[in-house]
Student: 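I have a structure I would like to understand better, so I am pasting it below and will then ask my questions one at a time.
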2 protein chains.
Amino acid sequence: MELDKILDNLKEQGYKLTEQRKEIIQSIINEDRYVSAKDILQQVQQRFPGVSFDTIYRNLAILSDLDVVEETRFDGEAKFRISCIDDHHHHLVCEECGETSVLPECPLNLLQGMAGEFKITGHRFEIYGICEKCQQNKK
Amino acid sequence: MELDKILDNLKEQGYKLTEQRKEIIQSIINEDRYVSAKDILQQVQQRFPGVSFDTIYRNLAILSDLDVVEETRFDGEAKFRISCIDDHHHHLVCEECGETSVLPECPLNLLQGMAGEFKITGHRFEIYGICEKCQQNKK
DNA sequence: CTCCGTGCAAAGCGTTTGCACGGCG
DNA sequence: CGCCGTGCAAACGCTTTGCACGGAG
């Protein structure tokens with residue numbers, strides 16, 4: 001998703017476009033992989049040394065509600081990445097760098113009907129491992 | 001997995017069989033669904049009012065290492081259930097009661113080879129929703 | 001000018017750790 | 001009787017919240 005689209009969306013929803021907020025979104029877009037609140041804070045602090053965790057978390061909560069970011073959890077902390085709400089998809093997540101690549105198929109489709117009477121409200125399918133780049137860095 | 005087998009396993013590994021430890025394992029077996037440390041504590045406290053969270057957590061860590069319990073996370077807390085290490089499988093997890101049922105197929109098998117150079121170290125595939133029983137309770 | 005968003009500080013929650021005692025082996 | 005496991009308490013890390021000020025609309 002591009003920055004302008006997101007800002008328009010926020011404005012429509014009645015949210016103000018503060019400099020901090022814009023910078024937070026920008027750095028999430030720049031990262032384009034799962035990062036922690038801390039990672040985002042450090043990025044944003046390069047331009048706004050004053051920003052605090054609360055601002056990061058509050059904005060992440062809003063962005064997550066609006067499906068601007070996807071949220072998951074590993075290493076004992078929440079991780080966030082810019083979302084592509086257009087198409088339903090799943091990730092290969094590198095536990096070293098958080099880099100993600102998209103799986104070509106949603107496994108839920110392959111399991112159609114297997115759930116029976118269970119009313120599905122959500123699902124999580126993530127493959128953890130080490131991406132090619134990080135494997136080479138380790139050698 | 002049955003209690004005796006687990007206790008033998010623990011003994012083999014050099015762990016002592018304290019009453020608290022046995023009770024912790026027993027209540028996890030009895031639950032047979034994803035429960036939180038708090039849930040386990042409350043169960044165990046019925047027989048040992050003195051037990052504390054530390055004991056629960058320390059034992060859960062050991063049991064998780066030995067693959068006696070499976071660990072996941074939702075509702076912002078770690079959840080544990082007795083594992084069936086014999087066969088690789090995945091769960092439908094009810095977000096109301098933690099009840100799980102087993103999926104007939106591992107979706108990773110269906111996606112064989114899709115990961116490319118990504119070195120897979122683990123994966124998580126869980127479907128969240130409301131199980132049949134909880135749907136009826138809500139009505 | 002009105003409120004929403006911010007920064008500060010402190011609290012909240014689940015979880016982990018240091019310590020000394022008690023009980024398993 | 002040695003040492004692991006326990007309970008207590010305190011610390012921990014991540015995240016959330018109350019408050020008063022400042023800036024966007």
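All values below were derived from every heavy atom in this structure, side-chain atoms included, with hydrogens, water molecules and symmetry-related copies excluded. Sequence lines set the chain letters: A, B, ... in the order given, protein chains first and strands last, and positions in each chain run from 1.
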Student: For a quick check of understanding: with a heavy-atom distance under 4.0 Å over all strands, which category does Arg21(A) fall into, base, sugar-phosphate or nothing?
Tutor: sugar-phosphate
Student: So, Arg21(A) side chain and Lys16(A) main chain: donor-acceptor pair closer than 3.5 Å or not?
Tutor: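 Answer holds: yes.
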Student: Return the 5'-most residue of the pair Thr18(A), Arg73(B) with respect to DNA chain C, ranking by each residue's nearest nucleotide.
Tutor: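 Whichever sits nearer the 5' end wins; that is Thr18(A).
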Student: For Phe74(B) and dG14(C), what is the distance between atoms CZ and P respectively, to the nearest whole Å?
Tutor: 14 Å
Student: Identify whether any heavy atom of Ala61(A) sits under 4.0 Å from a base atom; if not, whether one sits that close to sugar-phosphate; answer base, sugar-phosphate or nothing.
Tutor: nothing
Student: Ring centres of Tyr34(A) and Phe80(A) under 6.0 Å apart?
Tutor: no
Student: Quick one: on DNA chain C, does Asn59(A) or Lys38(B) contact a more 5' nucleotide (nearest heavy atom)?
Tutor: Asn59(A)
Student: Salt bridge (charged side-chain N to carboxylate O under 4.0 Å, His left out) between Lys79(A) and Glu77(A): does it pass, once the steps are laid out?
Tutor: CA-CA 6 Å; Lys79(A) 307 275 189 177; Glu77(A) 54 185 12; 3.1 Å; yes
Student: Go through dC3(C), dT15(C), dG25(C) for me and flag the one nearest to the Lys16(B) side chain.
Tutor: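 Looking only at side-chain atoms, Lys16(B) lies closest to dG25(C).
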Student: Distance check needed: dG5(C) P versus Glu23(A) CD, whole Å only.
Tutor: 18 Å
Student: Given side chains that start at C-beta, do those of Glu99(B) and Val93(B) come closer than 4.5 Å, heavy atoms only?
Tutor: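 No, too far: nothing below the 4.5 Å cut-off.
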Student: Tell me yes or no: between the side chains of Ser36(B) and Asp39(B), is some donor less than 3.5 Å from an acceptor?
Tutor: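 Per modelled atom types, Ser36(B) and Asp39(B) side chains form a pair under 3.5 Å.
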Student: Roughly how many Å is it from CD in Glu19(B) to P in dG23(C), rounded to a whole number?
Tutor: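 From Glu19(B) CD to dG23(C) P: 12 Å.
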Student: Of all nucleotides in DNA chain D that come within under 4.0 Å of a heavy atom of chain B, which is furthest toward the 5' end and which toward the 3' end?
Tutor: dG2(D) to dA9(D)
Student: Can you tell me the distance, in whole Å, between the CD atom of Glu12(B) and the P atom of dG25(C)?
Tutor: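 Going from CD in Glu12(B) over to P in dG25(C) covers 14 Å.
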Student: For residues Gln20(B) and Thr55(B), is any side-chain donor paired with an opposing acceptor at under 3.5 Å?
Tutor: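 Judged by distance alone, the side chains do not pair up.
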Student: Quickly work out the Lys79(B) NZ to dT15(C) P distance and round it to whole Å.
Tutor: 9 Å
Student: Tell me, which pairs form a ring pair (Phe, Tyr, Trp, His ring centres under 6.0 Å) where one or both residues lie in residues 7-26 of chain B, sequence neighbours left out?
Tutor: none
Student: Could you tell me the separation between the NZ atom of Lys11(A) and the P atom of dG5(C), rounded to a whole number of Å?
Tutor: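 In whole Å, dG5(C) P lies 14 Å from Lys11(A) NZ.
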Student: Is a donor-acceptor contact shorter than 3.5 angstrom present between the side chain of Asp54(A) and the base of dA9(C)?
Tutor: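 When only heavy-atom distances are counted, Asp54(A) does reach the base of dA9(C) through a donor-acceptor pair under 3.5 Å.
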